[in-house]
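Residue numbers begin at 1 in each chain, while the letters A, B, ... track the order of the sequences. Computed from a prediction, not measured in an experiment: that's the story for all the values here.
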Number of protein chains: 2
Amino acid sequence: MSIESIALDATVFEPLTGNEGACLETGIGQAVRDLLDRVGDKWSLLIIGMLRTTQLRFSELQRRIPGISQRMLTLKLRSLERDGLITRTVYAEVPPRVEYELTAMGRTLIEPATALALWAVEHQPAISHAREEFDRKDK
Amino acid sequence: MSIESIALDATVFEPLTGNEGACLETGIGQAVRDLLDRVGDKWSLLIIGMLRTTQLRFSELQRRIPGISQRMLTLKLRSLERDGLITRTVYAEVPPRVEYELTAMGRTLIEPATALALWAVEHQPAISHAREEFDRKDK
DNA sequence: CTGTATCCGAAAAGATACTG
DNA sequence: CAGTATCTTTTCGGATACAG
């Protein structure tokens, strides 16, 4: 990913380096903030991770994400659907069945999201250690 | 990044696919959530983006991140410092000067964070469009 | 089964004033 | 300059009850 990343990296962040304060106006700051507003919450990325390989129905999602409330699952699914990241398909059966699935755009989010998840897993011990050190000195 | 990513991808998310509900226990869910708790807020990733290429002092950061309050900048810088992602260096001068800089670990976050920023910029129009469509139908 | 509606507490974030 | 302290507003998320 290196070459491509570096090139694009320059493209995206260049406005930030020399041009002080223009980040929000040029869009990058706003774009990042928008993304975080969308999937930077407690559950959204987890839901996307769940739908990574297969479509799932409401109850199945709730079962696989321990701790999420019905309300939150509904809200987050609506939000993701609204942003075009997942689809919601209702089957007119009894009992009712609703399947959620990633859209093409939703699937493009898997790679960067996974990269971030990887980073999180890899560096968790180092961060915990840093935290302990900091709190120890601080106290 | 494809081959490496896919392999690691499988490693990281595998517990989620077959094993329902084990995500929190196995750590991946918790790790992702921890990361989001750390840098998933409104400002942290923006700060890291600012420090990507150079160290900056407090006032310079505030100037380059329009809209952030003094209080929030202080809080987020402390949090990032505590996690070992940035360093804070105080120079005993008058007037006082404090420089913030990414640590080695902080710099490793640049790549995945940039990937996410890229995604955000690239898909912003599509998301806005999806949102408008959704709201139009919904209304 | 798949939601919606309502209420409540905790936490995040903004505004403002003040300090070494 | 680089913060801290305090107050207020806003948002997030959980609990519960109810509905198609």
- Item | Sugar-phosphate only, base, or nothing, as touched by B:Tyr91 at under 4.0 Å among non-hydrogen atoms |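 B:Tyr91: no heavy atom of the nucleic acid under 4.0 Å.
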
Determine: side-chain N/O of [X] to OP1/OP2 of [N], distance under 4.0 Å, yes or no.
X        : N      : answer
B:Thr74  : D:dG3  : no
B:Lys76  : C:dA12 : no
A:Arg78  : C:dG3  : yes
B:Tyr100 : D:dG3  : yes
B:Arg57  : D:dA2  : yes

- List the steps and the verdict of side chain to side chain contact (heavy atoms under 4.5 Å, CB included) for A:Tyr100 and A:Leu80. CA-CA 10 Å; A:Tyr100 293 92; A:Leu80 293 172; over 6 Å; no

- Message: Counting primed atoms plus P, OP1 and OP2 as sugar-phosphate and everything else as base, spell out the protein contacts along nucleotides 15-20 of chain D at 4.0 Å heavy-atom distance: B, S or - for each nucleotide, 5' to 3'.
- Response: B----B

- Query: Can you name the nearest heavy-atom pair linking A:Val39 to B:Leu36, along with the distance?
  - Reply: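 Looks like O-CD1, 4.4 Å.
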
- Query: Which pair of heavy atoms, one from A:Val32 and one from B:Leu45, lies closest together, and at what distance?
  - Reply: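 It is CG1-CB, 4.5 Å.
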
- Task: Select one nucleotide: of D:dG14, C:dT2, D:dG3, the one nearest the side-chain heavy atoms of A:Met72.
- Result: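 Among D:dG14, C:dT2, D:dG3, the one nearest the side chain of A:Met72 is D:dG14.
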
- Item | Electrostatic pair A:Arg136-A:Glu132, nearest N-O below 4.0 angstrom |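 Looking at A:Arg136 and A:Glu132, the cut-off is not met.
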
